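Working notes, beginning with the structure itself.
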Protein chains: 2
Amino acid sequence: MAQRNQLKFIILGLLSENDLTGYDITKAFESDIGEFWSANHSQIYPLLKRLEDEQLISHKLEVVGEKLEKKLYSITQSGKEVLRQWLSEPTPELSATKDEFILKLYFIHTADDPLLMPMLTEQHQLHEAKLHHLQEQMAKKFPDHTSQNNLGHFLILQHAIQRETRYTAWLVDLIEKIKTD
Amino acid sequence: MAQRNQLKFIILGLLSENDLTGYDITKAFESDIGEFWSANHSQIYPLLKRLEDEQLISHKLEVVGEKLEKKLYSITQSGKEVLRQWLSEPTPELSATKDEFILKLYFIHTADDPLLMPMLTEQHQLHEAKLHHLQEQMAKKFPDHTSQNNLGHFLILQHAIQRETRYTAWLVDLIEKIKTD
DNA sequence: CAAAAACATGTAAATATTTACATGTATAAA
DNA sequence: TTTATACATGTAAATATTTACATGTTTTTG
C-alpha cells in the first residue's frame, strides 16, 4: 500500500459532520483539508463507490434544476464506528515530510553556490504567501478567536500558522546570513 | 504521476557525492534522507536499472569475498547535468504535509473528547524522541558546529530540529491548556 | 442572451509506493 | 563452529496517486 488508505478516513470524517457530494469532498481538499492532505476527484469518486459497497456510507439522489443529478452521501452507523476506531488507534508513524525544496537543499554543498540564493528567496516568498493565506483563514473561520465546537480545525490552523511562521523565520535568517558573507 | 519522480533526483544527488550500491542508497533512506523522504529497496533497484538505461548512471561490478557481487553505481556527465537542471528549476509546489495525527486532530471537535489527551501525549512522546534523535545526529555529524562543505545537510538538520522543537512546544502548550480546563 | 465559470460525475492510463515473496553471501558474535 | 545479523539484489502483487480523457448542467456575469 502507498499509505494505508487514509483518504477513506478523511471522507468518513467529512461525512460525519455533513452530508456531502463527491464534488463537495473534492472542494474540501482545495481549502481546509488541502493544508494537510491532497486528493483528486478521480480518486474520490471510485472510493465513494467502494465505501458504499462496504456499507460505510450511503447516498440519495438530489435533482438540481431540470436534470442535474447529484449524489448526496451520508455516513452509516457502521461508518461512524470505523471512523471512531481509526481515531482511537495509535499514530506512531511520523512519516517523512516530503518537501522538494528541502530535498534540493540537501544537495547544495556550499554557501557560494549560485543556485542557493534564488532557491531561498523563492521559498521565502512562497511560505510567506502561505502564512498570509493561513492567517486569513484563521481570521475568517475563527473571528472571535475561539474554537466553538471546532477545536480540531482551530488547532490544525494554529499548528500550520506556527509551522509557516517558523519556516519563514528560518529562511529570513538564512538569507541574511548568506548575504553578509 | 504520483509525485514527479523525485526519487530519481535523490539517487542522482547521492551518486554525485559518492559511488554507491543499491544497498547503500537504501540505507541512506534509513538515516540522513529518511528525515525528509522515504523509499524502499524494491523501488530503488528497478529505478537504478532505468537510470542506467537513460545513461544517467553506470555501474561496475565489485566482488566481495568469494562470490558476492555488488554493483557500484556512478553518475555520468549526463546525469550530473540532469541533477543540476533539477536543482536550478523553480520549486513552487509546497506540497501538503501529510501528517496522520493532524488529520485525526481535524476530526476531534471538543476538548473533552476522551481520545484527545492520549493522542496528544502519544505525539508529544514521538516528536520529543525524534527531536532528541535529530540533535544527536547534529552533534555527531557537525561536532564543531560548522557545516564544512556540507551546508545543505547542516541546514536540513537545523530545519528539522527547529520544526520538531516547535511541534513539541505546541503539543506541550496544548496538553497544559487542556489539563487545566 | 451569450459566454464564462462553477457545478457535477465519471473512466482510463501512467506512474509511484508499499508489502510480500525470493534468494544467497559475508561477517561478527556466542 | 554454528548462528544470527548485516550485506546484497532482485521480482510480483496490491494499492495509491496523478494526469488526462470525457461529458453534461446550472448559475453568474457582462
Side-chain angles (χ1 to χ4, degrees), chain A residues 1-11 19-31 33-34 36-54 57 59-73 92-98 100 103, chain B residues 1-11 19-31 33-34 36-54 57 59-73 92-98 100 103:
Chain A
M1 281 171 274
Q3 228 128 197
R4 231 184 87 271
N5 207 358
Q6 276 140 329
L7 183 55
K8 165 176 170 173
F9 300 109
I10 300 175
I11 290 177
D19 290 357
L20 298 168
T21 66
Y23 189 81
D24 296 330
I25 293 170
T26 303
K27 286 283 135 180
F29 284 95
E30 288 163 20
S31 54
I33 294 200
F36 54 93
W37 210 268
S38 61
N40 300 91
H41 79 275
S42 55
Q43 204 183 349
I44 290 165
Y45 286 111
L47 186 50
L48 283 169
K49 225 166 235 175
R50 212 191 84 200
L51 293 178
E52 191 158 34
D53 288 346
E54 294 173 18
I57 64 176
H59 80 272
K60 60 179 178 207
L61 283 175
E62 301 229 317
V63 178
V64 176
E66 286 294 293
K67 34 177 133 169
L68 205 169
E69 287 190 338
K70 55 180 191 178
K71 296 184 177 174
L72 195 63
Y73 286 92
E93 282 115 75
L94 251 51
S95 53
T97 45
K98 297 190 166 184
E100 194 181 0
L103 206 49
Chain B
M1 279 171 277
Q3 228 127 198
R4 231 185 87 269
N5 207 356
Q6 276 141 330
L7 183 56
K8 168 177 169 173
F9 299 109
I10 301 175
I11 290 177
D19 291 355
L20 298 168
T21 67
Y23 189 82
D24 295 331
I25 292 169
T26 303
K27 285 284 135 181
F29 284 94
E30 288 164 21
S31 54
I33 293 198
F36 55 94
W37 211 268
S38 61
N40 300 91
H41 80 275
S42 55
Q43 203 183 352
I44 290 165
Y45 285 111
L47 186 48
L48 284 170
K49 226 166 233 178
R50 214 191 83 200
L51 293 178
E52 191 159 33
D53 287 346
E54 294 173 17
I57 62 175
H59 81 270
K60 61 179 177 203
L61 285 174
E62 300 228 319
V63 179
V64 177
E66 286 294 292
K67 33 177 132 167
L68 203 169
E69 286 191 338
K70 55 182 189 177
K71 295 183 178 174
L72 195 63
Y73 285 92
E93 284 115 76
L94 249 54
S95 54
T97 45
K98 297 192 167 182
E100 192 179 2
L103 207 50

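Remember, it's a predicted structure, so these values are computed and weren't measured experimentally. Keep in mind that the numbers below use all heavy atoms, side chains included, and drop hydrogens, waters and symmetry copies. Throughout, protein chains are lettered first and strands after them, A, B, ... in sequence-line order, and every chain is numbered starting at 1.
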Could you give the [atom1]-to-[atom2] distance, from [X] to [N], as a whole number of Å?
{"X": "Gln43(A)", "N": "dT15(C)", "atom1": "CD", "atom2": "P", "result": "18 Å"}
{"X": "Leu48(A)", "N": "dG10(C)", "atom1": "CG", "atom2": "C1'", "result": "11 Å"}
{"X": "Lys98(B)", "N": "dT17(C)", "atom1": "NZ", "atom2": "P", "result": "10 Å"}
{"X": "Lys8(A)", "N": "dT15(D)", "atom1": "NZ", "atom2": "C1'", "result": "13 Å"}
{"X": "Phe29(A)", "N": "dT18(D)", "atom1": "CZ", "atom2": "P", "result": "10 Å"}
{"X": "Trp37(B)", "N": "dA16(C)", "atom1": "CH2", "atom2": "C1'", "result": "11 Å"}
{"X": "Gln6(A)", "N": "dT17(C)", "atom1": "CD", "atom2": "P", "result": "15 Å"}
{"X": "Leu47(B)", "N": "dT9(D)", "atom1": "CG", "atom2": "C1'", "result": "15 Å"}

Tell me, do [X] and [Y] make a side-chain contact under 4.5 Å, heavy atoms counted?
{"X": "Ile10(A)", "Y": "Phe36(A)", "answer": "no"}
{"X": "Asn40(A)", "Y": "Thr26(A)", "answer": "no"}
{"X": "Lys70(B)", "Y": "Tyr23(B)", "answer": "no"}
{"X": "Gln43(A)", "Y": "Leu48(A)", "answer": "no"}
{"X": "Leu68(A)", "Y": "Val63(A)", "answer": "no"}

### Dot-bracket encoding of pairs in DNA chain D, which uses [ ] for pseudoknotted crossings and | for another strand, Watson-Crick or G-U under 3.5 angstrom
||||||||||||||||||||||||||||||
### Message
Whether the side chain of Ser42(B) and the base of dT17(C) hold a donor-acceptor pair under 3.5 Å is what I'd like checked.
### Response
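Side chain to base: no pair below 3.5 Å.
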### Task
Heavy atoms only: give me the nearest His41(A)-Pro46(A) pair and the separation to one decimal.
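So the two residues come closest at O-CD, 4.2 Å.
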#### Entry: Side-chain N,O (Arg50(A)) to OP1/OP2 (dT15(D)) below 4.0 Å
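No, no such contact exists.
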### Query
Is any side-chain nitrogen or oxygen of Asn40(B) closer than 4.0 Å to OP1 or OP2 of dT17(C)?
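The answer is no; no side-chain N or O of Asn40(B) sits under 4.0 Å from OP1 or OP2.
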### Over 12 non-hydrogen atoms of neighbours within 6.0 angstrom of CD in Glu30(A)
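Count over threshold, so yes.
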### Task
Ignoring hydrogens and angles, tell me if any N or O in the side chain of Glu52(B) forms a donor-acceptor pair with the backbone of His59(B) under 3.5 Å.
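Pair found, side chain donor or acceptor close to backbone of His59(B).
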### Query
With a 4.0 Å cut-off on heavy atoms, is Ser38(B) in touch with a base, just the backbone sugar-phosphate, or nothing at all?
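Sugar-phosphate, backbone atoms only, no base.
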### Query
Of Leu7(B) and His41(A), whose closest DNA chain C nucleotide lies nearer the 5' terminus?
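Looking at DNA chain C, the more 5' nearest nucleotide goes with His41(A).
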### Query
So does Lys8(A) pair up with Glu54(A), basic N to acidic O under 4.0 Å?
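A salt bridge links Lys8(A) with Glu54(A).
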### Message
Can you build the contact string for nucleotides 3-8 of chain C? Use B for base contact, S for sugar-phosphate-only contact, and - for no protein heavy atom under 4.0 Å.
### Response
---SBB
### Query
Considering only dT17(C), dT11(D), dA16(C), which nucleotide approaches the side chain of Lys49(B) most closely?
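From the listed options, dT11(D) comes nearest.
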